[in-house]
Q: 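This is the structure I have questions about; it appears just below.
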Amino acid sequence: MTGWIVLLILVLLLVLLSQLPLGVRLHYDAEGFLVKVRAGVLTFRVYPLKKKKPKKEKKPKKEKTPQPKPDRKALWPLLRALIPVGKQAMEKMTDRLRIDELTVHLIWTEEDPADAAIHYGYAWAASEAGLAFLQARFPIRRRDIRLELDCQREEPEISLTLALSVKLGQLLAVGIPAGMQALRVFLDDRKERKASGEAALAGEQT
């Protein structure tokens, strides 16, 4: 009986973990880029990283013997074989991703009011096209698109925010099969290269 209870608890924990929300938040303004990742209620900044204190100077290390660089041309067949795997995974992931926040704030200005009006119109057209593209592929929970024209300002002002989220279970449902396919492609490629190398060596010996 105790074993069934433990098994039930493990199943419940897996179900709860599968519902854990994961997310990334990208923000840009006059201060620069800011990237944060989220796991449940925990949030971590990944860019820009906090500056570390300068370390004390260490003694120069002995120079290591240079290692032979991998043949990049030999990697192209492997990369071409992995592209369909990555493409399929991305298509499946777009069905699961959600946009939690989409914010675009733009105040446009130029010295020439006529050019400013033209470029302001371009900005509106681009924002509407981009919004239509995103709406057709992702559910958008919250959005705030504001574009203004102010020829009295000295410089344009722009602020962009994009927050994406996906559940852990959804991520694993896509990532695990994609990882297994990529591993299979890698092993097949290594087997082929090993066979071709042995064949070439046998040809040289004969």
Q: Taking all non-hydrogen atoms of both residues into account, name the closest pair between D189 and P77 and its distance.
A: OD1-CB, 4.5 Å

Q: Is there a continuous path of hydrophobic side-chain contacts, each under 4.5 Å between heavy atoms, that joins L14 to L12?
A: no

Q: Indicate the atoms forming the closest heavy-atom contact of V174 with M93, along with that distance.
A: CB-CE, 3.7 Å

Q: List the steps and the verdict of side-chain contact (heavy atoms from CB on, under 4.5 Å) for S165 and R38.
A: CA-CA 8 Å; S165 68; R38 177 172 62 91; 3.7 Å; yes

Q: Kindly determine whether I9 and L13 satisfy side-chain contact (heavy atoms from CB on, under 4.5 Å), including the steps that lead there.
A: CA-CA 6 Å; I9 292 174; L13 287 174; 4.1 Å; yes

Q: To the nearest 0.5 Å, what is the distance between CG on L102 and CZ on R141?
A: 14.0 Å

Q: Distance from L82 atom CG to K87 atom NZ, nearest 0.5 Å?
A: 15.0 Å

Q: If every non-hydrogen atom of A178 is compared with every non-hydrogen atom of V85, which pair is closest and at what distance?
A: O-CG1, 3.6 Å

Q: Answer with yes or no whether the hydrophobic clustering places L172 together with L22; edges join I, L, V, M, F, W, Y residues whose side-chain heavy atoms lie under 4.5 Å apart.
A: yes

Q: Measuring from L26:CG to L164:CG, what's the distance to the nearest 0.5 Å?
A: 6.5 Å

Q: Consider only side-chain N and O atoms of T103 and E101, and report whether a donor and an acceptor are under 3.5 Å apart.
A: yes

Q: Tell me if a side-chain donor or acceptor on R184 pairs with a main-chain N or O of L187 at a distance below 3.5 Å.
A: no

Q: With side-chain contact (heavy atoms from CB on, under 4.5 Å) as the criterion, how do R45 and V35 come out once you've worked through the C-alpha distance, each side chain's angles and the decisive distance to 0.1 Å?
A: CA-CA 6 Å; R45 187 176 71 178; V35 182; over 6 Å; no

Q: Is it possible for you to say whether I140 and L147 belong to one hydrophobic cluster, with membership spreading through side-chain heavy-atom contacts below 4.5 Å?
A: yes

Q: Between D144 and R146, is there a salt bridge with N-O shorter than 4.0 Å?
A: yes

Q: What's the separation between atom CZ in F33 and atom NE2 in H27, rounded to the nearest 0.5 Å?
A: 10.5 Å

Q: Are L97 and I176 connected into the same hydrophobic cluster when the rule is that any two of I, L, V, M, F, W, Y join if their side-chain heavy atoms are below 4.5 Å apart?
A: yes

Q: Any link between Y28 and I99 through a network of hydrophobic side chains (Ile, Leu, Val, Met, Phe, Trp, Tyr) touching at under 4.5 Å?
A: yes

Q: Which atom names give the shortest non-hydrogen contact between A117 and L149, and what distance separates them?
A: CA-CD2, 4.1 Å

Q: Between R98 and D100, does any NZ, NE, NH1 or NH2 come within less than 4.0 Å of an OD or OE carboxylate oxygen?
A: yes

Q: State, with a plain yes or no, whether a side-chain heavy atom of Q19 is found less than 4.5 Å away from one of L17.
A: no

Q: At their closest point, which heavy atom of A123 faces which heavy atom of L106, and how far apart are they?
A: CB-CD2, 3.8 Å

Q: To the nearest 0.5 angstrom, please state how far the OH atom of Y120 sits from the OG1 atom of T109.
A: 12.5 Å

Q: Could you tell me which non-hydrogen atom of L20 sits nearest to which non-hydrogen atom of A39, and how far apart they are?
A: CD1-C, 4.5 Å

Q: For T94 and R137, what are the C-alpha separation, side-chain angles and deciding distance, and is it a side-chain contact (heavy atoms from CB on, under 4.5 Å)?
A: CA-CA 7 Å; T94 54; R137 287 160 177 79; 5.6 Å; no

Q: To the nearest 0.5 angstrom, please state how far the CH2 atom of W124 sits from the CD1 atom of I145.
A: 8.0 Å

